[in-house]
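Working notes, beginning with the structure itself.
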Amino acid sequence: MTFSEIVHKLLLRIPPETAHSIAKFVMKHRKLAPGRYETYKGKTKLFDVDLPNPFGIAAGFDKYAELHDIVQDYGFGWIETYQ
């Protein structure tokens, strides 16, 4: 079993709010970042905006936009924020 599989199983066994806090802490401190990700087809176009991939983070995960400059290091192509 890989390290990622072990961490995934552990995160599924703890309360959701705790898992959320751990995930944000890890991302804020730039730990375990796998790097940028592009799909095999290349960029994704959404409303005439080129995105590296279709995977994003919803505003509820990062409602205070603390991770807006970090999400691409974790393979996400976009982040939704409140205005």
Side-chain angles (χ1 to χ4, degrees):
M1 188 176 300
T2 67
F3 177 74
S4 295
E5 291 170 334
I6 293 168
V7 170
H8 184 252
K9 286 184 182 269
L10 290 173
L11 286 174
L12 291 176
R13 295 185 190 278
I14 59 177
E17 286 300 319
T18 304
H20 179 254
S21 296
I22 290 170
K24 282 189 71 175
F25 177 85
V26 167
M27 289 177 80
K28 269 185 176 177
H29 293 88
R30 298 178 189 261
K31 304 292 182 195
L32 307 172
R36 294 173 185 251
Y37 172 75
E38 288 193 20
T39 63
Y40 66 93
K41 292 181 179 180
K43 297 188 182 299
T44 298
K45 188 170 228 133
L46 180 64
F47 302 113
D48 289 328
V49 176
D50 285 326
L51 304 170
N53 65 61
F55 306 110
I57 291 185
F61 181 82
D62 186 31
K63 60 185 168 185
Y64 299 113
E66 300 168 300
L67 305 172
H68 69 280
D69 59 342
I70 299 171
V71 296
Q72 286 187 334
D73 293 339
Y74 287 86
F76 296 102
W78 55 271
I79 184 168
E80 178 184 29
T81 58
Y82 293 121
Q83 293 281 342

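Given the structure is predicted, the values throughout are model-derived calculations rather than measurements.
Across all their heavy atoms, P52 and G77 have their closest contact at CD-O, 3.6 Å. Contact record, M27 with I57: CE-CD1, 3.9 Å, taken as the closest heavy-atom pair.
Distance check, rounded to the nearest 0.5 Å: CG of L51 to CH2 of W78 gives 8.5 Å. One distance of note links CE of M1 with CD1 of I6; it measures 6.0 Å at 0.5 Å rounding. The NZ atom of K31 lies 15.0 Å from the CD1 atom of I22; values are rounded to the nearest 0.5 Å.
Scanning for salt bridge (charged side-chain N to carboxylate O under 4.0 Å, His left out) contacts around R30 gives D69, D73, with sequence neighbours left out. By the salt bridge (charged side-chain N to carboxylate O under 4.0 Å, His left out) test, K24 pairs with D62, E66, sequence neighbours left out.
Hydrophobic clustering (ILVMFWY, side-chain heavy atoms < 4.5 Å, transitive): L11 and Y74 are in one cluster. In this structure, F3 is a member of the same hydrophobic cluster as I14, with clusters built from ILVMFWY side-chain heavy atoms closer than 4.5 Å.
Enclosure of atom CD in E17 is not indicated, since only 12 or fewer non-hydrogen atoms of other residues, nucleotides or ligands lie within 6.0 angstrom.
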